[in-house]
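Working notes, beginning with the structure itself.
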Amino acid sequence: MGYDVHKLGKDRDLIIGGVKIPFELGLIGHSDADVLLHAISDALLGAAALGDIGKHFPDTDDAYKGISSIILLEKVGELITDEGYFIENIDATIIAQKPKMRPYIDQMRENIAKALALDISQVNVKATTEEGLGFTGNMEGISSQAVCMLTSPGDMNYGLIGGGCSGCSGCPKA
């Protein structure tokens with residue numbers, strides 16, 4: 001599970017899911033402050049026990065100042081692959097009072113799928129408001145939550161995926 005939040009402020013672009021959304025306010029952060037991609041990155045890193053985006057891309061490192069979070073997500077995808085994991089699916093929610101996200105969600109899904117070399121059917125993005133409540137409802141910020149499912153070749157060897165034990169040596173089920 002991943003979670004991220006950024007304050008809204010003037011003189012910043014609003015970039016969510018790698019999409020620049022026309023709006024009078026943008027998200028404030030060291031990178032492009034893309035809350036959706038940050039939440040997804042944290043979900044993926046957490047599921048693989050690899051820490052979080054702050055560990056891999058610290059906001060104290062000028063190399064990441066203003067960087068596109070699509071680039072960070074691609075790097076997270078490489079870390080996941082290098083560890084031997086496969087991304088099965090991602091489900092994410094954007095929490096924002098305004099602007100309406102529906103017109104941009106399909107492009108967000110495409111951006112995420114492309115960055116992680118997934119089929120778009122493996123990526124779900126939805127949005128909700130908080131009915132004027134809390135910091136998101138008061139338009140002080142935008143947050144996002146994401147969950148994912150990873151599998152590894154080891155899962156398949158132990159019969160956890162694919163419907164049965166492969167009978168490999170050392171397997172407790174052999």
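Values reported hereafter were calculated over all heavy atoms of this structure, with side chains retained and with hydrogens, waters and symmetry mates removed.
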Where do V5 and I142 land on the side-chain contact (heavy atoms from CB on, under 4.5 Å) test, with the steps shown first?
CA-CA 6 Å; V5 61; I142 294 177; over 6 Å; no
Is it possible for you to say whether Y64 and L36 belong to one hydrophobic cluster, with membership spreading through side-chain heavy-atom contacts below 4.5 Å?
yes
Does a side-chain heavy-atom distance below 4.5 Å link S68 with L73?
no
Drop me the distance from I40's CD1 to I90's CD1, to the nearest 0.5 angstrom.
5.5 Å
Correct closest heavy-atom pair for A48 and I80 would be CB-CD1, 3.7 Å
Go through the steps to decide whether M108 and M101 satisfy the test side-chain contact (heavy atoms from CB on, under 4.5 Å), and finish with yes or no.
CA-CA 10 Å; M108 292 175 191; M101 299 291 161; 4.1 Å; yes
Measure the spacing between CG of L72 and CG of L37 and express it to the nearest 0.5 Å.
8.5 Å
Which pairs with one or both residues in residues 45-59 pass side chain to side chain donor-acceptor pair (under 3.5 Å), sequence neighbours excluded?
none
Transitively linked via ILVMFWY side-chain contacts under 4.5 Å: F135 with L27?
no
Consider only side-chain heavy atoms of I, L, V, M, F, W and Y, link residues closer than 4.5 Å, and tell whether V19 and F23 are in one cluster.
yes
At their closest point, which heavy atom of C148 faces which heavy atom of A47, and how far apart are they?
SG-CB, 3.8 Å
If I compare all heavy atoms of A39 with all of S144, which pair ends up nearest, and what's the gap?
CB-O, 3.6 Å
If I compare all heavy atoms of I15 with all of K20, which pair ends up nearest, and what's the gap?
CG1-CA, 4.3 Å
Can I21 be reached from I105 by stepping across I, L, V, M, F, W or Y side chains whose heavy atoms are under 4.5 Å apart?
yes
Step by step, would you call H38 with S69 a side chain to side chain donor-acceptor pair (under 3.5 Å)?
CA-CA 7 Å; H38 293 182; S69 294; 2.8 Å; yes
In this structure, CG of D82 is separated from NZ of K75 (nearest 0.5 Å) by 12.0 Å
Distance in Å, N138 CG paired with L133 CG, rounded so as to fall on 0.5 Å steps
8.0 Å
Determine, stepwise, if the pair N89 / V123 fulfils side-chain contact (heavy atoms from CB on, under 4.5 Å).
CA-CA 6 Å; N89 60 37; V123 179; over 6 Å; no
Could you tell me which non-hydrogen atom of G17 sits nearest to which non-hydrogen atom of N111, and how far apart they are?
O-ND2, 3.0 Å
Any side-chain heavy-atom pair of M1 and Q145 under 4.5 Å:
yes
Student check: side-chain heavy atoms of E83 and L50 closer than 4.5 Å:
yes
At what distance, to the nearest 0.5 angstrom, does CG of D32 lie from CD1 of I16?
10.0 Å
Applying side chain to side chain donor-acceptor pair (under 3.5 Å) as the test, list every pair that has at least one member in residues 113-135; sequence neighbours left out.
D91-N124, D91-K126, T93-K126, D119-S121, E130-T136
Spacing of H6 atom NE2 and L8 atom CG [to the nearest 0.5 Å]
11.0 Å
Residues D34 and D4: closest non-hydrogen pair is O-OD2, 4.5 Å
For residues L44 and F57: do they belong to one hydrophobic cluster (side chain heavy atoms under 4.5 Å, members Ile, Leu, Val, Met, Phe, Trp, Tyr)?
yes
